[in-house]
There are 2 protein chains.
Amino acid sequence: MTKYEKQIYEIVNSSQSHLTAEQVFSELKKVYPAVSQATVYNNLNKLYGAGRIRRVSVEGSPDRYDRTVKHDHLVCRRCGRLTDVCLEDLTDSLKRQLGGEFFSYDLKIFYICPECREKEAQNPARQQ
Amino acid sequence: MTKYEKQIYEIVNSSQSHLTAEQVFSELKKVYPAVSQATVYNNLNKLYGAGRIRRVSVEGSPDRYDRTVKHDHLVCRRCGRLTDVCLEDLTDSLKRQLGGEFFSYDLKIFYICPECREKEAQNPARQQ
DNA sequence: AATAAATTTAGAATAATTCTAAAAAGAGAA
DNA sequence: TTCTCTTTTTAGAATTATTCTAAATTTATT
């Protein structure tokens, strides 16, 4: 583990907020101002490949990197914002249904976040 | 609904295989050879916004467009291939846990597909 | 120290998607 | 019809996210 890999792991795992590669990059620059973008991508891929961080893709926005600690995501269909939520674990149920092992699962729930719902209530015309 | 929108809807909804925008484009060109790429993106976004097709994002590969008919996805951690699978419906359970309504949910299960497992068994060195 | 292997770097390249502004197509209303 | 208005399409440029490349640097091994 290089110092960069270690630091990137720290950044992702101590953040509550599923960072984009760009955001990890700017956090890392606070510690190592000369680091390059490619190093961030290299190490995020390495950590993800090793299962030490989670990668979450959201339709229409860059991938995010997240702690591996079990949790699910609410995704706003209007603004795309991600919110953590902790729901009943599905591992056993999925194992039973699939009849075999798997790495992990990713559950996203699409909704309208309170902010966007508020906006739409004020201006119903722009509703989709 | 324009002829393009209608045709794109048909293409996505009659395919079994979560097409990329690129793939939808080449299907559409079979019917309307002069159509442009932007039309495909415009209409996919429109149909998705209206909830008439599903959009599935997979880490590290372009978004895919899919029938809205309820099903879940297995994602191979090695080759990225998507496979449809039909698991127990979570709607009621999620409503209860979240205490409210939502649009839809998306469940992806990460595993190693039979082909990649086979390859790894033959050449264990390259295992990650 | 010398050699080899892995990592980092800057910048170019690629890929997916959106944007732009003009052209074309539809859809009423006169 | 013809005029006007709105929507959609188009080609190509622009943007964004990410990967690739090849040289330089760092780390590990002999």
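Lettering of chains follows the sequences in order, A, B, ..., and the numbering in each one begins at 1.
Other residues, nucleotides and ligands contribute more than 12 heavy atoms inside 6.0 Å of the NZ atom of A/Lys70.
Proximity of residues 3-13 of chain B to DNA chain D (heavy atom under 4.0 angstrom from any strand atom) is restricted to B/Tyr4. Contact check of residues 21-40 of chain A against DNA chain C (heavy atom, cut-off under 4.0 Å) returns A/Ala34, A/Val35, A/Ser36, A/Ala38, A/Thr39.
With respect to A/Ile53, the side-chain contact (heavy atoms from CB on, under 4.5 Å) criterion is satisfied by exactly one of A/Leu44, A/Asp66, A/Ile8: A/Leu44.
Contacts of B/Asp63 with the nucleic acid, taken as non-hydrogen atoms under 4.0 Å apart, involve only primed sugar atoms and P, OP1 or OP2.
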Stepwise, does the salt bridge (Lys or Arg N to Asp or Glu O under 4.0 Å) test hold for A/Glu59 with B/Arg64? CA-CA 9 Å; A/Glu59 21 292 294; B/Arg64 285 145 191 295; over 6 Å; no

For A/Arg96 and B/Glu88: C-alpha separation, side-chain torsions, deciding distance, then whether salt bridge (Lys or Arg N to Asp or Glu O under 4.0 Å) applies. CA-CA 11 Å; A/Arg96 178 176 46 76; B/Glu88 280 165 18; 3.5 Å; yes

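Taking only side-chain nitrogens and oxygens, A/Tyr41 never comes nearer than 4.0 Å to OP1 or OP2 of D/dT19. Residue B/Asn43 places at least one side-chain N or O closer than 4.0 Å to OP1 or OP2 of D/dT9. Considering only side-chain N and O atoms, A/Lys46 lies nowhere under 4.0 angstrom from the phosphate OP1 or OP2 of C/dA6. Considering only side-chain N and O atoms, B/Asn45 lies under 4.0 angstrom from the phosphate OP1 or OP2 of C/dT18. Within the structure, a side-chain polar atom (N or O) of A/Thr2 is placed less than 4.0 Å from OP1 or OP2 of C/dT8.
Under 3.5 Å, the side chains of B/His73 and B/Asp106 contain no donor-acceptor pair of N or O atoms. Side-chain atoms of B/Ser26 and B/Glu22 form no donor-acceptor pair, as typed in the model, at a separation below 3.5 Å.
Between B/Phe110 and A/Arg54 there is no side-chain heavy-atom pair separated by less than 4.5 Å.
Partners of B/Glu10 under the salt bridge (charged side-chain N to carboxylate O under 4.0 Å, His left out) rule, at least two apart in sequence or in another chain, do not exist in this structure.
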